[in-house]
Amino acid sequence: MPDTALPDPLLFGHDATERIVAVQTLGGAGDRVRVYRRLSDDTLSWDDEPVHPYFFLSDLRLIEDFPRERYRRQALEGDGHYRHLLAFESRGAYWDALRHVERAASGEGDAAYTAGGPEQQYLTQTGRTLFKGMALDDLRRLQLDIEVAAEGTFPSARNPAHAVVIVAMSDNRGWNRVLDSRGRTERELLAEMVDVLVERDPDVIEGHNIYGFDLPYLSERCRRAGVRFAIGRDGTEPRSFPSAMRFAERTSAFDVAEIAGRHVVDTLLQVQAYDVVRRDLPNYTLKGVARYFGFAEADRTYVEGRAIARTWREDPDRLVAYALDDVLETGRIAKHLSGSTFYLTQMVPMAYGTAVRTGPAAKIEALLVRGYLHARQSLPRPGRGGQMSGGYTDVFVTGVVGPIVYADVESLYPSIMLHYDVRPASDALGLFPEILRSLTALRLQTKADAAAAAPAQAAELDARQQAFKIVINSFYGSLGFSQALFNDHSEADRVARTGQELLRGIIETIRTAGGRVIEVDTDGVFFVPPPNVAGEDEERRFVSGITDTLPTGIRVGFDGRFRSMLSLKKKNYALLGYDGSLKFRGSSLVSRSTERFGRRFVREVTALLLAGDVDAVHKLYLRQRRAIDARQWDEGVESFQRAETLKSPLEDYERDVAAGRRARAAAYELAKRRAAAGGRPVRVGERVAYYVARGAGARGFEAARFAQEWDPTHPDESTAHYLDRLDQTAQRFEPVFTPADFRLVFSEEDLFGFDASAVSLRVVEENGDG
DNA sequence: AGCTGTGGCAGGGAGG
DNA sequence: CCTCCCTGCCAC
């Protein structure tokens, strides 16, 4: 009988002393893998271990004639290896296998089938996760960066004139090395690079945009120079395939490179993932990110991209120093951002490099698939349909109000899933709630451990705790994800609707007690506490009293108190803390698509409104108008450029425009222009910075110019356009004034002198539309 | 060999 | 002018 008694799905199959750093495919046939372990003296050992393929029991309605019993018998009577149908984690291989079984069931062809990568089978069937009992720096992490002397154009693998001139490497043990092409051929340089890489034998290779540039470029140059780019642990060359990663609303496409026996980590992906939450990185370049985190040395060497070729001719040592600084910074960024992903690989059957470049839904699925294969249980196919409901959002009061308390339900969706017995209908083994429960318990334990630990240990424990949190919070999303094997849209709906009901209940409780609810969003409530609740202690007591009115397992936490709040619209507000600090939320206050001068204007107006200084708002508005008129920009073109991310390929854009499905847009038109002029093509996921110039066409996209083209000695930006933009930006504060007052504050008409005392801030009770 | 979800605001082109 | 519709960005 199949083994259905499941041990802890998070931990089964593990050996606490395991220090596996890599699992590598042997040959192409693939029923053996080589398992590398790093020993305590920092050397490597390896063993070759067999992969036992798994048999699939299909209960899919689609395959009604599938002779399940026959296959089951054969499996049990076999030599202990299931030879008839192999199932793998990859969805593509899974569909292939299903089609294959269907054909076999109808008498066409052989039931034997192989697909997928042995590493994945191996990790899944044994339940192993990598790096058990290890810390990030137990691995040998090498950083790689190359410099190419490209004259006037962007380096391209297709251009034979663009040779590699420098290969810089460093590692986390303090070693570093810069190879360059002085006095020898590129071929010799590349050959030495391969030798050094193989000799250093890193477990992990890190680089910034290493998927997008360094690896494919080196690969192509090696091919041209006749050097085998054999940097795999088994002497193979990297293999590559197209992939994509979603960062909130953005999707980045790139070519993955896999190196046998090693993990590739692209810090560009880590940086983008980080920015989904923080959203305040200036840009995603190595230099920008390093400065943002404070990893850039004060005396670091900088060389502009366009000056690299010239620097290489005139002062090569300077370029060498620059390249070395690049890899040192890459190492610091990688270490800083890798923690939680690294610890994820101790709970998810996934290689480190894979975990870095996949989203949380893939990780949850890996946990479930491991449990199902372990139990010899078939996997479901994704359910069809869509999710209908989401969080409840409303605004009840606009204007400046205070004092404010923020209360939110702790882990709303995970709590609902745990306490309302939510699970996908297809989860016959009940692993979904079991894994969620284990992860939650482990996270709470880890959090408690972190709080009690010494600082050095606490950082590591906190990274672990973050890793748990990321996965836990993604369970809900994966329920509603149309491509997830274990999805269930009606259960996702039930979670969202339950959340809405709980939130409405909390609003009612606060109102009944005499509180005034300002704004709510999904799991949190901003409110003015009842008159009899004064001071932090009483506020905390009031909030914990709310928990008592809620079902068991749903807890409301006290998550902040503020002197006042500027409430504008749903999901758009600002908070003034008791320490004078300001927080801004919402696209009308913080959007990066607003020009920098406008963003600053919004922030300053907000601060003044929270301070009640209407006179200063008016003066600020007048000052800003004059500055635009006089083209006085603090930071040159960066003050008024707009940056927009390209989300679709130019061909798709052009096709949709031709079909009338979308309108022309400045960012795409500029990208097209550059491509036509032979410049570096703009890839999906990249940002295009532009400004609006004077004259030149009525429509915005006709008047747009690349920000780099702006010349401070001959400024040609349209001041009329930017004055309009200022007024549009001011429009965001319209809810705070009567229409007449708004016109007084945000206009130049002070014929009779502006009298701030005649203007008052307006507080409006909205009906709430929910 | 691939991608968590819904709700909401701002901006711009296109057409009345 | 206005409305409609699409895209990008943001909150949670």
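Naming convention: chains lettered A, B, ... in sequence-line order (proteins, then strands); numbering from 1 in each chain.
C:dA11 and B:dT4 have their C1' atoms separated by 16 Å, with the value rounded to a whole Å.
Under the side-chain hydrogen bond (donor to acceptor under 3.5 Å, both in side chains) criterion, A:T729 pairs with no residue, sequence neighbours left out. With sequence neighbours left out, A:K469 forms a salt bridge (charged side-chain N to carboxylate O under 4.0 Å, His left out) with no residue at all.
Across all strands, A:R725 comes closer than 4.0 Å only to sugar-phosphate atoms, never to a base (heavy-atom distances). Within 4.0 Å of A:S389, counting heavy atoms only, lie sugar-phosphate atoms of the nucleic acid but no base atom. A:Y573 comes within 4.0 angstrom of the backbone, heavy atoms only, and of no base. Heavy atoms of A:V256 sit nowhere under 4.0 angstrom from any nucleic acid atom. Across all strands shown, A:A362 has heavy atoms under 4.0 Å from sugar-phosphate atoms exclusively, and none from any base. Counting any heavy atom pair closer than 4.0 Å across all strands shown, A:R357 reaches no nucleic acid atom. Base engagement by A:G477 is indicated by at least one non-hydrogen atom pair under 4.0 Å involving a base atom. Across all strands, A:R497 comes closer than 4.0 Å to no nucleic acid atom at all (heavy-atom distances).
Put simply, A:T645 has a side-chain N or O that comes within less than 4.0 Å of OP1 or OP2 on C:dC9. Taking only side-chain nitrogens and oxygens, A:R732 comes nearer than 4.0 Å to OP1 or OP2 of B:dG11.
A donor-acceptor pair under 3.5 Å links the side-chain atoms of A:S718 to the main chain of A:H721, judged by distance alone.
Ring geometry for A:Y292 versus A:Y274: interplanar angle over 60°, hence perpendicular rather than tilted (30 to 60°).
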